[in-house]
Asker: 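Sharing a structure below in C-alpha cells format, with a few things to ask.
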Amino acid sequence: MTETTATAAPRWCLLGRDGTGAVTAVDVRADGTRGESVGLASEALPDFVEERERGGSAPRWVWSDAPSWYPQLLAAGVRVKRCHDLRLGHAILRQSELVRDRGPLLAAHEWDAAPTAEPEGPSADTALFDLDEPSGPASTVPHGTASVSAEFDRQLEAIAASTDPGRLRLLLAAESAGALVAVELRAAGVPWDAAEHDRLLTEALGPRPPGDFKPAKMQAVADEVRAALGDREASLDSPPRLLRALRRAGIDAGSTSRWELAEFEHPAIEPLLRYKKLSRLLNANGWSWIDEWVHEGRYRPVYVPGGVVTGRWASSGGGALQLPRALRPALRADPGWMLVSADVAQLEPRVLAAMAGDRAMAAAGYGKDLYSGLMESGIVATRQEAKIAVLGAMYGSTTGDSGRLVPRLRQGFPAAMRLVDRAAEVGEQGGIVSTWLGRSSPAPSSEWAELQSRASLPGATSRDEGAARRAAREFGRFTRNFVVQGTAAEWALAWLAELRLRLAALPLDERIDPASASGPAFERRPHLVFFLHDEVIVHAPASQAETAADAVRASAEAAGRLLFGGAPVDFPLDVRISERATKE
DNA sequence: ACCTTAAGCGCG
DNA sequence: AAAGCGCGCTTAAGGT
C-alpha cells in the first residue's frame, strides 16, 4: 500500500462515462493538475487499463465504485493494483470527525448511494427507476466524468484539510482495496463441492425429498417430538403455534428460543432442539440454497464492503458471512489445488491493546493465546473466564459472570479499559467516537435525543428517566464496541490489501491447465476465495500452497506495522493447508 | 395480494 | 450456559 512518489508520472487516473456510455480517462498528477482527457470506447477500456498496469508506475484508478467498473475488467482478464472508490470514500469522509469542514461532502447527496447491487453494473431498469424517483437517496452512484472529477476534488480537499491526512489516506486506500477484493472474490467464487454438501445434508436430514416434503430423518425427529408431547397435530414450524402446543403439554415457556427451552425437564425438549437445528439447516442452507447459489462448482455470494456501520463487510445474498461451520467441509479445493485457511487469534482484544498502547495486555498475548496469557498472569483463574472477561469489556457487560470479571481486567489493563470506558462515556452523552484510522460513529437518532431531553425536564417521570438511562447505556455499549470492532475491521482490510497484492505478484503455475482454472483473472495462481471478518481462505495450486501461506503471514505482519507501527502487539495466525476447509 | 416486522438462529 | 456488540436470512404473523 505504498504510494509511488514519482513526480512526472500521473498518480491517479480518473475514469468516467459520458452520456453515450463511452469512457473518458483523465490523468491527475500529485499536485492535482489534470492531463488531457482521453476518450475510449467501452470495449477498449480493458486494454487501456492493462497497459497502464503493466508499467512500473500504475496509477490509482479513481472511479465511482468498484462494482460498476471492475467486473468487466476482470472478465477481460485485467486486474488493477489500486483504486479509489469514490462511493466508499464519500461515506467515510462525510461522517468522519477528522474532517474539519464536511459541508461540501454533505451537500453532495448524489454520492449517498446504496452499494451497486449487481456487480455486473446498473441495468437500464435501475436508471429509469431513478428518473421516476426525483427525491430521496440515489440508488446508483454517478458515473459521469464531471461528477467523478468534482467528487474526487472534494475528497482530496477534505483529506488534506483534515486533522490527520495520513490516517484518512490509509483508511480510504484500505477500504478501496477491500472493494477490489470483494469483486475479485465474487469473480473467483468459492470452490464448492455440491456433492459433499448434499452428502452432509443427507446424513443429517435424510435424502432430498421431492417438492416441499420434509426429509425423512427430519420427519422422524418431528414424530419423536409429537410423541413426547402426546400431540400428533403439534405444529413445530410456527413459533406461536409451537408455543401453544408446548403449553398444552405442560411446558410453560415464554418463547420457543433454544436457551429458554433448555431450562425445562421434559422428554420433548431434547428432540425438539434437534428438530430446530435440522430445520434451520434445511431452510437456510439446504438443497434449494445449493440450487440458487452454487453453479459449476463455485459458490458466489455477494459481499458488501463497508456495509456495517463499524466498517465491517456485510453480505447481500448467499449468506457468506453466516455459513454454518458444519458445511465448511464442502468448501474444497479443485484437484491439484489446496486451501490455505488462516484466522487471527483474538483480533479484537489485540487491536484494543495496540490502540491503547497497553503494554501489559500486549505482553499477555505476545506470541501466544491471549486468553491463556491472561490466565497465566493471574488476572483470572481459567481460560474460559479470561474470554468472558475480555468479551464483556469490549461489549459492555455489567451483569452475570462477565460483569463480575470485567473489574479485574480494569485493574490489570488500565490503559485498554480506559479507552473502551471512555468510548462508552462519549456514547452515553450522545457523542461520536472514531476508529484508529478515522471512521466515525453515527450520531444517535433524534428519538434518542428527545428521550434524553424529556428525562431532564422538570416534569420528567421516573419512567422517563429510566428509559433515557437505558437508552444512554445502550448507545454507550454501541460506541464502546464501535472503536474496537471498527479498528479490527481496518486491520483486516489492511491484511487483505497487502495479501491480494502479494498473491497477484506470485508467478503463474505453468503446470496448471488454463482450461481447468476457476475464473478469468485467477487462472494458475493463488487467489483469495473467502473472507470472514478475521479469517481468509486462499485457493492455491498445490505447488504454491506454502508460498501462499507465507504471504498470508507476511501480510498480517505488514498490516500490524502499517496501522500500529512499532507497538509491541502481534497478530498471530492459525494457518492450515488442506484440501478442504475444516469445521474447527 | 402485497409489504413490513419480529422471532429465531447462523456467523464474527 | 448466557449476556454484552455487529450483522443476514428465512419464515410466519400482522398490517394494509
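Letters A, B, ... are given to chains in the order of the sequence lines, protein chains preceding strands, and every chain is numbered from 1.
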Asker: 5'-most contact on DNA chain C: A/M394 or A/R241, nearest heavy atom basis?
Answerer: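 Here A/M394 is the residue nearer the 5' end.
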Asker: Any strand counts, and the cut-off is 3.5 Å on both contacts for Watson-Crick or G-U wobble. Which nucleotide pairs with C/dA3?
Answerer: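 Pairing partner, where one exists within any strand: none, as none qualifies.
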Asker: Donor-acceptor pair, A/T398 side chain versus A/G403 backbone, under 3.5 Å?
Answerer: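 It does not hold such a pair.
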Asker: Side-chain N or O of A/S257 less than 4.0 angstrom from OP1 or OP2 on B/dA7?
Answerer: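 No, no such contact exists.
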Asker: From the set C/dG6, C/dA3, B/dC11, return the single nucleotide nearest to any side-chain atom of A/N481.
Answerer: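 Given the options C/dG6, C/dA3, B/dC11, the side chain of A/N481 is closest to C/dG6.
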Asker: Let me know the distance between CG of A/L321 and P of C/dG8, rounded to the nearest Å.
Answerer: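 Those two atoms, CG and P, are 8 Å apart.
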Asker: To the nearest Å, how far apart are A/E385 CD and C/dA1 P?
Answerer: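 After rounding, the gap between these two atoms is 17 Å.
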Asker: Specify the residue among A/W293 and A/W259 whose closest nucleotide of DNA chain C lies further upstream toward the 5′ end.
Answerer: A/W259
Asker: Crowded around A/R404 CZ? As in, over 12 foreign heavy atoms under 6.0 Å?
Answerer: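 Yes, because the 6.0 Å sphere around CZ of A/R404 holds more than 12 heavy atoms from other groups.
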Asker: Any base atoms under 4.0 Å from A/G317, or only sugar-phosphate, or nothing? Heavy atoms, all strands.
Answerer: sugar-phosphate
Asker: Considering only side-chain heavy atoms of A/K276, which listed nucleotide, C/dG4, B/dC9, C/dG6, is closest?
Answerer: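 The closest nucleotide is B/dC9.
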Asker: Over all strands shown, is A/Q384 touching base, sugar-phosphate only, or nothing at heavy-atom distances under 4.0 angstrom?
Answerer: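 Result for A/Q384 = base.
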Asker: For ring-ring contact (aromatic ring centres under 6.0 Å, His included), just list the numbers for A/H197 and A/W287, CA-CA rounded to whole Å, side-chain angles, deciding distance to a tenth of an Å, and then say yes or no.
Answerer: CA-CA 9 Å; A/H197 187 162; A/W287 290 280; 8.3 Å; no
Asker: Counting side-chain heavy atoms from CB outward, which of C/dA13, C/dG6, C/dC5 is closest to A/R477?
Answerer: C/dC5
Asker: Please check: side-chain N/O of A/K276 versus main-chain N/O of A/T256, any donor-acceptor pairing under 3.5 Å?
Answerer: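 Yes, A/K276 side chain to A/T256 backbone: donor-acceptor pair under 3.5 Å.
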Asker: Do A/E535 side-chain atoms and A/V344 backbone N/O form a donor-acceptor pair below 3.5 Å?
Answerer: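 The answer is no, because no donor-acceptor pair under 3.5 Å joins these two groups.
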Asker: Which whole-number value in Å describes the distance from A/L331 CG to B/dC11 C1'?
Answerer: 14 Å
Asker: Which part of the nucleic acid does A/G319 contact within heavy-atom distance under 4.0 Å: base, sugar-phosphate only, or nothing?
Answerer: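 Counting heavy atoms under 4.0 Å across all strands, the contact made by A/G319 is with sugar-phosphate only.
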Asker: One thing to verify: whether A/R232 and A/D223 come together as a salt bridge, which I'm taking to mean a side-chain N less than 4.0 angstrom from a carboxylate O.
Answerer: no
Asker: Could you tell me how far apart A/F478 (CZ) and C/dA3 (P) are, to the nearest whole angstrom?
Answerer: 22 Å
Asker: Select base, sugar-phosphate, or nothing to describe what A/R258 touches, counting heavy atoms under 4.0 Å on all strands.
Answerer: sugar-phosphate
Asker: NA contact type, A/D401, heavy-atom cut-off 4.0 Å: base, sugar-phosphate, or nothing?
Answerer: base
Asker: Calculate the interatomic distance between A/F531 atom CZ and C/dC7 atom P; express it in whole Å.
Answerer: 15 Å
Asker: Under 4.0 Å between any heavy atoms, over every strand shown, what does A/T398 touch: base, sugar-phosphate, or nothing? Just pick one.
Answerer: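 No contact at all - A/T398 keeps every heavy atom at 4.0 Å or more from the nucleic acid.
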Asker: Quick one: the side chain of A/R280 and the base of B/dC9, do they pair up donor-acceptor inside 3.5 Å?
Answerer: yes
Asker: Could you state the CG-P distance from A/L405 to C/dA2, rounded to the nearest angstrom?
Answerer: 17 Å
Asker: Given C/dT11, is OP1 or OP2 found less than 4.0 Å from the side-chain N or O atoms of A/N283?
Answerer: yes
Asker: Select one nucleotide: of C/dG6, B/dG10, C/dA13, the one nearest the side-chain heavy atoms of A/T310.
Answerer: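 The nucleotide sitting nearest to the side chain is C/dG6.
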Asker: Can you tell me which nucleotide in B/dC11, B/dG8, C/dG6 comes closest to the side chain of A/P239?
Answerer: B/dG8
Asker: Hey, does A/V406 reach any base, or is it just sugar-phosphate, or nothing, if we go heavy atoms under 4.0 Å?
Answerer: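 No contact.
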Asker: Give me syn or anti for C/dG6, where syn covers glycosidic angles within 90 degrees of 0.
Answerer: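 For C/dG6, whose glycosidic angle is more than 90° from 0, the conformation is anti.
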Asker: Give a yes/no answer on whether the side chain of A/T256 brings an N or O atom under 4.0 Å of OP1 or OP2 in B/dG8.
Answerer: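 Affirmative; the distance criterion is met.
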Asker: Does the side chain of A/K277 get closer than 4.0 angstrom to OP1 or OP2 of B/dG8 through an N or O atom?
Answerer: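 It does not, given that no N or O in the side chain of A/K277 lies less than 4.0 Å from OP1 or OP2 of B/dG8.
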Asker: Considering only C/dC5, C/dA12, C/dG8, which nucleotide approaches the side chain of A/S315 most closely?
Answerer: C/dG8
Asker: Please check if the side chain of A/S176 supplies one atom and the backbone of A/D85 the other of a donor-acceptor pair under 3.5 Å.
Answerer: yes
Asker: At 4.0 Å (heavy atoms only), tell me whether A/I388 reaches a base, stays on the sugar-phosphate, or touches nothing.
Answerer: base
Asker: A/D237 CG to B/dA7 C1': how many Å, rounded?
Answerer: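 Roughly 14 Å, once rounded to whole Å.
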Asker: Between atom CZ in A/R274 and atom P in B/dG8, what is the gap in whole Å?
Answerer: 21 Å
Asker: Base, sugar-phosphate, or nothing: which does A/G486 touch, judged by heavy atoms less than 4.0 Å apart?
Answerer: nothing
